[in-house]
Amino acid sequence: MDVSFIFDDLNDAQRQAVSKDPCPMLVLAGAGSGKTRVLTHRIAWLVTALEVSPLSILAVTFTNKAAQEMRHRVERMIGSPMRNMWLGTFHGLSHRLLRTHYADAGLSNSFEILDAQDQHRLVRRSLRELNLDEGFWPPRQVQWFINSNKEEGRRPTQLEGSSDNQHQTLTQIYAHYESLCQRFGLVDFAELLLRSLELVQNNEPIRDAYRKRFQHILVDEFQDTNTIQYRWLKLLAQPRNSITAVGDDDQSIYGWRGARIENMALFQKDFPETQILRLEQNYRSTGTILAAANSVIDHNVGRMGKKLWTEDQAGAPIRLYAAFNEIDEARFVLEHLREWVHEGHRRDSIAILYRSNAQSRVFEELLLSEGIPYRVYGGLRFFERAEIKDALAYLRLISNRHSDPSFERVVNVPTRGIGARTATAIREHARASDTSMWAAAVELASKTQIPTRARTSLNYFIDLIEALDASTQDLDLTEQTDIVVQRSGLIDHYRKQHGEKAQTRVENLEELVSAARHFNYDPADDQHPDPLSEFLAHAALEAGEGQAEEWEDCVQLMSLHSAKGLEFPLVFLCGLEEGLFPHQRSIDEPGRLEEERRLCYVGMTRAMVQLFLTWAEVRRLYGRENYTRPSRFLSEISAELVDEIRSSTVLPRATSTPAEALNTVAQTSSPGINLGARVHHAKFGQGTVVSVEGQGEHARVQVRFETAGSKWLVLAYANLDPA
DNA sequence: GCGACATTGTTTTTT
DNA sequence: ACAATGTCGC
């Protein structure tokens, strides 16, 4: 068969990686070097040239988006659907494994997936049941303790015997939490991975079956694998050892949530015949941008060694702006983004990137007031919205009455007279008789232990769920969802409320019905007992990014982490200040600092044509104004690549005299009253102009006075003098 | 059970 | 600053 089409648009290194005989292979793929392309082409090559069945391929990614994209690309190349190829996220594939072998994994066939919120709630419940004070054992920290232990493959029994009291208690909570999960058939995200690892680890027949089946394993973003993900891969890959791992140690930015960059070294040790290939030609950025990014990442020690290069000419210099404060920073970005759009570029070719999501606000406010469409990534996703989770909880109760988290969530939503008191009674009773809350509620509803009023309400709720179940038995998922949304009273509940928020909630609920409609259930392909459970699992595993939302041509705002894997012609990398980026909490530890540097590298390498870097000398954070110093990463960029734009502000810089300061670009008609100018006011004394709005008579300035605090003043009346 | 006030904790995020 | 909880009084 002619397979030349697979190699047509590949360079030598890529070609080698794609067509290497099956072996353990580690592909070090730099930013923009065609990493995804290598993976997809290799799959295509395996299937066509080696005539490998798609059934015997296992391809793993981290995000659903990446998985979808990869499947799509492979299918387009091969020209036929690849439904039976196992291509998905670690969590998705683990889930599939557990559904198929639930009994061997020690689970019930109706186990459900807990998301982070549900897990948080369950941790709190564990604390309550153990009579531990939340103040002393913050649920979030407990959650972190549990997850990070699971990610390292540690069960409570392996943690016992510590002499440290605190550690002992945490382990005890972990154990209790686990018993609750087990009792109610709940599986959190880390548990999906750990269970499925333990399944293949402890069950020889199953392990052998999958080893035999998966003749070729491919892994994307290998540098982000954690301990148990790597163990799982290793277990499945041996002894055949045809495993292709693609990754970039310089883009490892998830160490804080358990990713082990060391897995790249471990891989070479565990698979001694490993072939290492490097993809070092970058097709994305200009020479200048690449050189700048390289000069930053060069400051990390212990890299695997890789030098990105490009055939592109130098390109425009990187432009650096020292803003006076975050408002000035946003203004600067706006100004240059406008210019870019005026040159005829699309808005969605622009990204504003920042270290922490809180930084988006200033940009949003400005873009909104200027009427420029934008989209902020991150934040609540579709299936995480409260009203959606409510509706899903109803659906879940229909399919599994004993789901405590769902029960707790909706017994009183919309409010129907089952308050905290009744809920506690049910919980206590469930605990005492070791059953689910549903069972306890059914029992209590016929007894006189609780007030008649509450009992009536409880009976109403029980009947509602039973009725919903009975009447939707034979309906399809869409109708089922529709009826639940209507009859649960959720829609009416929000319809009655006014305001924009309630309105979007109603719309979201309607959207859920259409999400159910578009959800295709494939009974042949999957292990799910019914479409409903599969839909629920889908909701938990795939939070619904971009659920049916049509985005017009928008400026893209996102954190550096969410920008990984994306590229934009124009990038603004903002807030390059010590303490913000690198983040304060990463500054002291060398390992974490290097991760911040990699994050900076990731950010810079997103830019294709033009990169702007900005920092603000004063930044309001958590309600406090802070004086900042420029990020160390700025000084790590070779100076000749950077065009430092003169700040329109007066900086407390030794080089500028007050006279020079007052003559910098005027934005107001009053000479000398510019951003950053030192001024004097008859009543408030000395101060500094921190922001300026409007022109001429209507000009207003915000002045931060040394003793009188921060004030907004109308220039025409304030009688400010340059000081 | 609900609204009004107080308290709290704020990096990054997928699944 | 601010959102997201928790507590209290009705």
Side-chain angles (χ1 to χ4, degrees), chain A residues 60-67 88-95 113-121 124 134-135 138-141 144 147 150-151 187-194 196 221 224-226 228-229 252-259 326 353-362 365 377-381 383-384 386 411-423 451 453-454 457 537-545 558-565 575 579-587 592 595-596 598-600 602-603 619-626 710:
Chain A
V60 200
T61 65
F62 275 84
T63 66
N64 291 300
K65 203 173 147 199
T89 64
F90 278 101
H91 292 84
L93 296 170
S94 295
H95 174 242
I113 301 167
L114 285 181
D115 72 10
Q117 290 172 42
D118 303 329
Q119 186 187 34
H120 188 251
R121 245 174 255 123
R124 293 186 59 196
E134 278 190 20
R140 302 211 63 88
Q141 278 176 43
W144 183 83
N147 288 338
K150 286 191 179 183
E151 275 154 16
V187 176
D188 61 47
F189 288 133
E191 186 73 24
L192 281 173
L193 301 176
L194 183 49
S196 103
E221 305 278 16
D224 287 337
T225 51
N226 65 27
I228 52 175
Q229 285 163 336
S252 158
I253 55 175
Y254 286 110
W256 52 274
R257 63 172 199 212
E326 72 278 0
L353 308 181
Y354 34 77
R355 174 67 237 264
S356 74
N357 285 312
Q359 287 169 254
S360 75
R361 278 222 10 217
V362 189
E365 278 167 19
Y377 284 75
L380 271 195
R381 272 178 297 274
F383 287 115
E384 286 169 4
V411 240
N412 200 31
V413 177
T415 48
R416 51 173 71 88
I418 303 171
R421 190 162 229 118
T422 314
R453 233 192 142 95
S457 308
H538 164 84
L541 282 173
E542 196 171 340
E545 177 77 72
M558 69 190 84
S559 73
L560 286 159
H561 286 88
S562 355
K564 190 164 87 155
L580 182 62
F581 189 31
H583 195 274
Q584 195 57 51
R585 289 155 93 137
S586 303
I587 273 177
R592 312 223 107 208
E595 182 156 306
E596 295 281 306
R598 293 193 289 269
L599 192 54
C600 184
V602 166
R619 182 175 297 273
R620 189 170 268 276
L621 202 63
Y622 304 141
R624 297 242 161 277
E625 263 182 355
N626 302 289
S710 202

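In what follows, chains are A, B, ... by sequence order, proteins preceding strands, each numbered from 1.
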Give the rounded distance in Å between these two atoms: [atom1] of [X] and [atom2] of [N].
X	N	atom1	atom2	value
A:R592	B:dT12	CZ	P	13 Å
A:N357	C:dA1	CG	C1'	16 Å
A:L621	C:dA1	CG	P	12 Å
A:H120	B:dG9	NE2	P	11 Å
A:I228	B:dT15	CD1	C1'	12 Å
A:R598	B:dT11	CZ	C1'	15 Å
A:E326	C:dC2	CD	C1'	15 Å
A:Y354	B:dT13	OH	C1'	13 Å

Which part of the nucleic acid does [X] contact within heavy-atom distance under 4.0 Å: base, sugar-phosphate only, or nothing?
X	result
A:D115	nothing
A:N64	sugar-phosphate
A:S562	sugar-phosphate
A:Y622	base
A:R361	sugar-phosphate
A:A540	nothing
A:I587	nothing

message: Between A:N226 and B:dT14, is there a contact of a side-chain N or O with OP1 or OP2 at under 4.0 Å?
response: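 No, A:N226 has no side-chain N/O under 4.0 Å of OP1/OP2 on B:dT14.
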message: I want to check one thing: is the phosphate of B:dT15, taken as OP1 and OP2, less than 4.0 Å away from some side-chain N or O of A:R257?
response: no
task: Just say parallel, tilted or perpendicular for the rings of A:F189 and A:H91, cut-offs at 30° and 60°.
output: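 The arrangement is perpendicular - the two ring planes meet at more than 60°.
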Is any NZ, NE, NH1 or NH2 atom of the basic residue among [X] and [Y] found under 4.0 Å from an Asp or Glu carboxylate oxygen of the other?
X	Y	answer
A:K564	A:D224	yes
A:E151	A:R257	no
A:R124	A:E134	yes
A:E596	A:R592	no

Of the listed nucleotides ([options]), which one gets closest to any side-chain atom of [X]?
X	options	answer
A:A116	C:dG6, B:dT15, B:dT12	B:dT15
A:T63	B:dT12, B:dG1, B:dT14	B:dT14
A:H561	B:dT13, C:dA1, B:dT14	B:dT13
A:F189	C:dC2, B:dT11, B:dT15	B:dT15
A:R124	C:dG6, B:dT12, C:dC2	C:dG6

message: Restricting to non-hydrogen atoms, name the atom on A:R355 and the atom on A:S559 that form the minimum distance, rounded to 0.1 Å.
response: O-CB, 4.4 Å
- prompt: Of all heavy-atom pairs between A:D118 and A:I113, which one has the smallest distance, and what is that distance?
  reply: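 Looks like OD2-O, 4.3 Å.
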task: Sticking with atom C1', work out how far B:dT12 lies from C:dT5, rounded to a whole angstrom.
output: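 These two C1' atoms come out 23 Å apart once rounded.
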message: Could you tell me how far C:dG6 sits from B:dT11 if I compare only their C1' atoms? Round to whole Å.
response: 25 Å
field: Of A:G92 and A:S586, the one whose closest DNA chain B nucleotide lies more 5'
entry: A:S586
query: Of A:S559 and A:T422, whose closest DNA chain B nucleotide lies nearer the 5' terminus?
result: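 Whichever sits nearer the 5' end wins; that is A:T422.
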- request: Identify whether a stacking contact exists between A:W256 and B:dT11, where the ring centres must be under 5.5 Å apart and the planes under 30° apart.
  value: no
message: Is the base of B:dT11 stacked against the aromatic ring of A:H583, taking ring centres under 5.5 Å apart and planes under 30° as the test?
response: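 Yes; by the centre-distance and plane-angle rule, A:H583 counts as stacking on B:dT11.
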